[in-house]
*Asks:* 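Below is the structure I would like to discuss, written out as structure tokens.
Just so it is clear, the model here is predicted, and its values are computed rather than measured. Positions are given from 1 along the sequence.
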Amino acid sequence: MSRIGKKPVTVPAGVTTSIEGKTLTVKGPKGALNLAMRDEISYTLEDGGISVQPANESKSARAFWGMQRTLVQNLVTGVTEGFSKKLLITGVGYRANAQGRKLKLQLGYSHDVDLDVPEGVEVKTPDQTTVEISGSDKQAVGQFAAEIRRWRKPEPYKGKGIKYDGEFIFRKEGKKK
């Protein structure tokens, strides 16, 4: 039995849910999100919540049960509060600048890195070494943060690179004379 899957997802006031065909739609103050429903899982709309149960006793149904409940919870959280990630840039001459729907990064390459911000994601740069990514879709926010970080991962000797806020970089000692 999935301990996560057993709990129903509570739907707060101001959020509407609907099932059309094989799609679960959640609408709230921050927009609308969709989830493609799996055949192994049954979704029922109850007053004040969404219940997720395995449709049969197969191993795959039990395997998807908790994950699908978490995906439904992420939809509800996304349309009410939203998700955000904060990236910190460390290094001499490394900086970021958000210009409309583009993010310009200077990361020590011979050229600037220009990234297009995906739909549904907002990027802010409060200062030159901080990038704040926010949006209602958890997957899109995390994916865009990972794409930014991929350009210059933090290295263990000087700690230069792009890291998540709160991430610990294991530091190594350099070679000795």
*Asks:* For E173, enumerate each residue passing the salt bridge (charged side-chain N to carboxylate O under 4.0 Å, His left out) test, keeping only those at least two apart in sequence or located in another chain.
*Replies:* K176
*Asks:* Kindly write out the residues that satisfy side-chain contact (heavy atoms from CB on, under 4.5 Å) with P54, not counting sequence neighbours, or none if the list is empty.
*Replies:* A61, W65
*Asks:* Within the structure provided, determine whether K160 and P154 are in side-chain contact (heavy-atom separation under 4.5 Å).
*Replies:* no
*Asks:* Minimum heavy-atom separation for P12 and T10, please, with both atom names.
*Replies:* CD-O, 3.6 Å
*Asks:* Each residue besides F168 in its hydrophobic cluster should be listed here, by chain and number; the cluster joins Ile, Leu, Val, Met, Phe, Trp and Tyr at side-chain heavy-atom distances under 4.5 Å.
*Replies:* F170
*Asks:* Report, as yes or no, whether the 6.0 Å neighbourhood of atom NZ on K163 holds more than 12 heavy atoms from other residues, nucleotides or ligands.
*Replies:* yes
*Asks:* Considering only Ile, Leu, Val, Met, Phe, Trp and Tyr, and joining two whenever side-chain heavy atoms are under 4.5 Å apart, list the other residues clustered with I169.
*Replies:* none
*Asks:* Could you list the donor-acceptor pairs under 3.5 angstrom formed by side chains in residues 42-49, with sequence neighbours left out?
*Replies:*
unit_1	atom_1	unit_2	atom_2	d
S42	OG	Q53	O	3.2
Y43	OH	Q68	OE1	2.7

*Asks:* Counting C-beta onward and ignoring hydrogens, is there a side-chain heavy-atom pair between V9 and R69 closer than 4.5 Å?
*Replies:* yes
*Asks:* Partners of D165 by side-chain hydrogen bond (donor to acceptor under 3.5 Å, both in side chains), sequence neighbours excluded?
*Replies:* none
*Asks:* For residues 15-24, dump all side-chain donor-acceptor pairs below 3.5 Å to protein atoms at least two apart in sequence or in another chain.
*Replies:*
unit_1	atom_1	unit_2	atom_2	d
S18	OG	E20	OE2	3.2
K22	NZ	D39	OD1	2.9

*Asks:* Please list, one pair per line, the donor and acceptor atoms closer than 3.5 Å that link side chains of residues 100-107 to other protein atoms, with sequence neighbours excluded.
*Replies:*
unit_1	atom_1	unit_2	atom_2	d
R101	NH1	V121	O	3.2
R101	NH2	V117	O	3.3
R101	NH2	P118	O	2.6
K102	NZ	D116	OD1	2.5
Q106	OE1	R95	NH1	2.8

*Asks:* If Ile, Leu, Val, Met, Phe, Trp and Tyr residues are connected whenever their side-chain heavy atoms lie under 4.5 Å apart, and connections chain through other members, are V141 and I162 in the same group?
*Replies:* yes
*Asks:* Keeping the roles fixed (side chain from R38, backbone from F64), state whether a donor-acceptor pair exists under 3.5 Å.
*Replies:* no
*Asks:* Using distance only, find each side-chain donor-acceptor pair of residues 75-93 under 3.5 Å and give its atom names and separation, not counting sequence neighbours.
*Replies:*
unit_1	atom_1	unit_2	atom_2	d
T77	OG1	Q73	O	3.0
T77	OG1	Q73	NE2	3.2
T80	OG1	V76	O	2.9
T80	OG1	T77	O	3.1

*Asks:* Applying ring-ring contact (aromatic ring centres under 6.0 Å, His included) as the test, list every pair that has at least one member in residues 109-158; sequence neighbours left out.
*Replies:* Y109-H111
*Asks:* Which pairs with one or both residues in residues 135-149 pass side-chain hydrogen bond (donor to acceptor under 3.5 Å, both in side chains), sequence neighbours excluded?
*Replies:* Q143-E147, R149-E167
*Asks:* Is the shortest heavy-atom distance from the side chain of T70 to the side chain of I4 under 4.5 Å?
*Replies:* yes
*Asks:* Residues two or more places apart in sequence or in another chain: which of them pass side-chain hydrogen bond (donor to acceptor under 3.5 Å, both in side chains) with T25?
*Replies:* N34
